[in-house]
Asks: 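Dropping the structure in here first, questions after.
The model shown is predicted, which means the values in this text are computed figures rather than measured ones. Position 1 is the first residue of the sequence; numbering continues from there.
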Amino acid sequence: VCTLLVFVATQTPACAQEATKVVHGKVVDEDGTPVSRVEVTARLGPEDSQTVYTDPVGLFQFAGISGEKIYISLSKPGYFRVEDTVVELKPGVNDVNFTLAHETELHQKVEVVSGPVQIDPNTTSHQETLVQHEILNTPVPSSHDLQQSLFTMPNVLQDSSGRIHIAGARQGQTEILLDGFEINDPANGSFTPRLNVDAVQSASVETGGYGAQYSHGGAGIVILDTRAGDDKWRFGVTNFIPLVSFREGTHFANWFPRATVSGPIKKGRAWFSLASTVQHSFSVVTELPAGQNIATSWAGDNLLRAQVNISPRNIFQASFLYNRSSEPEFGLGPLVPLSTTTDRMARRYFVSARDQIWTGKTLFDIGVAVDSTRSTADPQGTATYVVTPSIASGNYFQALKQQSRRIQFVGDVNSGTLTFKGTHTISAGWNADDLTFSQDATRREIDFLRADGSLSDRSTFSGPALFRISNTQVGGFAQDVWRPVRQ
């Protein structure tokens, strides 16, 4: 018995040392940005494996490993899968780093395999995600319109006007984020910005139990992440050859060209991406006289985004989105002749800057963004607007100018996974928005005529033409996601 006791006592330190092997890992993308919600599987033996998910700062951990080596696999929709990377273990703590690349390369090989099914037990909300190749390859009526792709996801509906609705709610009850900043129209909360679909890295819709960091999401969240470029030069052109229509003369037909370019400013340190779209629409109203039956419109958008890795633990990002549109015969139709249409013009710019700094297991995220819109609708002249039982005549009665602006400041801090009577992920943050809206409406009289041409009624307008309203919102949150039992 003594011999046995001596043997056990002699072997205990080795066994304890063997059982203290721990793997600390970190996952980033090709630009060094931490990637959260990555499914990480460690294969310890032929029938022994563990699966965990990266936390908000891209960290994961495996503990209590007794073997000499493990095989680690990583998967997340929108990224290339990493399969069975061998990690040789030493006693104590083992630090490993992984880089996941976005699915942006073109391949000539076809693999008939099932994609990764990610069921993250740490996620309480219901999330649906479209990655870039799904957005580009899913057949939709208007492939240049990002909203058409969103309608292919569950819980996303389209109304008769083409507007987006999440989980059956009004459009203003959905918070829409572009690279971490709110992009809803400052005036009415609708989803009005245009951007090149080729620039969108992923589009996600969250409903249900999403976190407190979303300050204005009543029914759901739409998260749009765009590409920042990488160390490879990439160029893309779509629908660049224009179509020509010979109806009522020679005109450009419906034409929606897109162009993208991205690459390094300094390899391994700074990158940029530029994506532009032009939209031209042409229609003929056959019920109207020749020369007065053509409606055209032009619109364009340009998204410039840049990222600089100031240090391995400090990433700075900035973006500039510009929209402009012109509809000189807005509203033209069988009962709306050319003289009664309006000349509409709109422009919008969105500028943002964001800095991410992490120390140890804590990620600090601060940013500022400015969103400004301006639109005008002018009648074709100053003649009195006349309404008859069959058709309208004269010039439209209203000239309208609208301006809106949102200035937003955001700040967040997220911890990695902390251990105390279970695991904890702590986050806190604040949000400040300053919104303004102004309108200048000039209205003239409207005459209503009977079928015999006699005056039936006349409408006039009174009251101030100018209107302005502003609002400032400030809020904060703190939350602790506690998991008493390890999954």
Side-chain angles (χ1 to χ4, degrees), residues 33-34 36-37 54-59 122-127 166-167 169-189 191 204-225 313-319 350-372 404-418 420-437 469-483:
T33 304
S36 62
R37 294 181 175 178
T54 57
D55 60 25
V57 294
L59 301 178
N122 299 331
T123 302
T124 58
S125 63
H126 176 75
Q127 184 182 80
I166 306 298
R170 295 193 302 270
Q171 191 169 83
Q173 294 177 312
T174 300
E175 183 173 357
I176 302 173
L177 302 176
L178 177 66
D179 294 327
F181 295 94
E182 195 166 350
I183 195 71
N184 302 64
D185 189 289
N188 54 30
F191 182 28
S204 301
V205 173
E206 288 195 37
T207 57
Y210 45 80
Q213 66 269 30
Y214 302 117
S215 55
H216 301 131
I221 313 296
V222 177
I223 303 172
L224 305 176
D225 291 322
R313 292 182 172 272
N314 188 355
I315 296 177
F316 178 79
Q317 300 173 344
S319 64
F350 177 85
V351 184
S352 68
R354 181 181 182 186
D355 196 14
Q356 293 179 306
I357 304 170
W358 61 92
T359 58
K361 291 186 175 182
T362 305
L363 173 65
F364 297 89
D365 192 343
I366 57 174
V368 60
V370 178
D371 189 0
S372 176
S404 60
R405 187 198 64 193
R406 177 195 290 112
I407 302 176
Q408 53 184 314
F409 301 89
V410 296
D412 295 290
V413 56
N414 292 275
S415 74
T417 301
L418 306 177
F420 176 73
K421 297 185 180 301
T423 61
H424 301 259
T425 302
I426 300 174
S427 58
W430 60 275
N431 178 289
D433 286 355
D434 178 67
L435 297 98
T436 59
F437 173 78
I469 189 172
S470 62
N471 184 31
T472 300
Q473 304 173 340
V474 179
F477 76 94
Q479 67 180 9
D480 177 11
V481 180
W482 176 33
R483 305 171 190 88

Asks: Going by distance alone, is a donor N or O of one side chain under 3.5 Å from an acceptor N or O of the other, for Asp434 and Thr472?
Replies: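 Result is yes, a qualifying pair exists.
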
Asks: At their closest point, which heavy atom of Asn184 faces which heavy atom of Ile176, and how far apart are they?
Replies: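 Taking every non-hydrogen atom into account, OD1-N, 2.9 Å.
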
Asks: For a side chain to side chain contact (heavy atoms under 4.5 Å, CB included) check, start with the C-alpha distance between Thr33 and Gln356, then their side-chain angles and the critical distance, and finish with the verdict.
Replies: CA-CA 9 Å; Thr33 304; Gln356 293 179 306; 4.0 Å; yes

Asks: Of all the heavy-atom pairs spanning Asp433 and Phe409, show the shortest one and how long it is.
Replies: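 Minimum heavy-atom separation between Asp433 and Phe409: OD1-N, 4.5 Å.
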
Asks: Counting C-beta onward and ignoring hydrogens, is there a side-chain heavy-atom pair between Leu177 and Ile221 closer than 4.5 Å?
Replies: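 Yes, side chains in contact.
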
Asks: Calculate, to the nearest 0.5 Å, the distance between atoms CG and CZ belonging to Asn188 and Phe437 respectively.
Replies: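 So the CG of Asn188 and the CZ of Phe437 are separated by 8.5 Å.
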
Asks: Test your reading of the model: is there a side-chain donor-acceptor pair from Thr54 to the backbone of Arg37, 3.5 Å cut-off?
Replies: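 Yes, because the side chain of Thr54 sits within donor-acceptor range (under 3.5 Å) of the backbone of Arg37.
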
Asks: Arg354 vs Asp365, test: salt bridge (charged side-chain N to carboxylate O under 4.0 Å, His left out). Steps then yes/no.
Replies: CA-CA 7 Å; Arg354 181 181 182 186; Asp365 192 343; 2.7 Å; yes

Asks: Using side-chain heavy atoms (C-beta onward) and a distance below 4.5 Å, is Leu59 in contact with Lys361?
Replies: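 Answer yes - side chains close enough.
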
Asks: Using only atom types and a distance under 3.5 Å, with no angle test, would you say the side chain of Asp185 pairs donor to acceptor with the backbone of Gly189?
Replies: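 No: the side chain of Asp185 does not pair with the backbone of Gly189.
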
Asks: Is a donor on one side and an acceptor on the other found under 3.5 Å between the side chain of Gln408 and the backbone of Glu182?
Replies: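 Indeed, once roles are kept as given, a pair shorter than 3.5 Å links the two residues.
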
Asks: Checking Asp371 side chain against Pro186 main chain: does a donor-acceptor pair fall under 3.5 Å?
Replies: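 The answer is no, because no donor-acceptor pair under 3.5 Å joins these two groups.
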
Asks: Closest approach of Thr362 and Val57, non-hydrogen atoms and distance?
Replies: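 Closest approach of Thr362 to Val57, heavy atoms only: C-CG1, 4.3 Å.
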
Asks: Flag the pair Val410 / Phe181 as yes when at least one side-chain heavy-atom distance between them is below 4.5 Å, and no otherwise.
Replies: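 The answer is yes, as the side chains (C-beta and beyond) meet within the 4.5 Å cut-off.
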
Asks: Between the side chains of Ser352 and Ser319, does any donor sit under 3.5 Å from an acceptor?
Replies: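 There is such a pair (donor and acceptor under 3.5 Å, judged by atom type) between the side chains of Ser352 and Ser319.
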
Asks: Are Ser36 and Asp55 close enough that some pair of their side-chain heavy atoms sits under 4.5 Å apart?
Replies: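 Ser36 vs Asp55: side chains apart.
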
Asks: Would you compute the distance between atom OG1 of Thr174 and atom CZ of Phe191 and round it to the nearest 0.5 angstrom?
Replies: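 The distance works out to 11.0 Å.
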
Asks: Apply side chain to side chain contact (heavy atoms under 4.5 Å, CB included) to the pair Val222 and Glu175, showing each step before the final yes or no.
Replies: CA-CA 6 Å; Val222 177; Glu175 183 173 357; over 6 Å; no

Asks: Quick one: does Trp358's side chain have a donor or acceptor within less than 3.5 Å of a partner on Asn414's backbone?
Replies: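 Such a contact is absent between Trp358 side chain and Asn414 backbone.
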
Asks: List the steps, then state whether side chain to side chain contact (heavy atoms under 4.5 Å, CB included) holds for Val481 with His424.
Replies: CA-CA 6 Å; Val481 180; His424 301 259; over 6 Å; no

Asks: Would you please test Val370 and Phe350 for side chain to side chain contact (heavy atoms under 4.5 Å, CB included) and show each step?
Replies: CA-CA 6 Å; Val370 178; Phe350 177 85; over 6 Å; no

Asks: Which atom names give the shortest non-hydrogen contact between Gly422 and Trp482, and what distance separates them?
Replies: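 Heavy atoms only, the tightest pair is CA-NE1, 4.2 Å.
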
Asks: Quick one: CD on Gln479 to CD on Gln213, what's the gap to the nearest 0.5 Å?
Replies: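 If I round to the nearest 0.5 Å, the distance is 5.5 Å.
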
Asks: If every non-hydrogen atom of Phe477 is compared with every non-hydrogen atom of Ser427, which pair is closest and at what distance?
Replies: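 Minimum heavy-atom separation between Phe477 and Ser427: CE1-OG, 3.8 Å.
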
Asks: Could you grab the distance from atom CD1 of Ile166 to atom OG1 of Thr207, nearest 0.5 Å is fine?
Replies: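 Going from CD1 on Ile166 over to OG1 on Thr207, the span is 8.5 Å.
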
Asks: Using 0.5 Å steps for rounding, measure from the CG atom of Asp179 to the CD atom of Gln317.
Replies: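 Nearest 0.5 Å value for the CG-CD distance: 7.0 Å.
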
Asks: Can you tell me how far apart OG1 (Thr436) and CZ (Arg405) are? Round to the nearest 0.5 Å.
Replies: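 If I round to the nearest 0.5 Å, the distance is 4.0 Å.
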
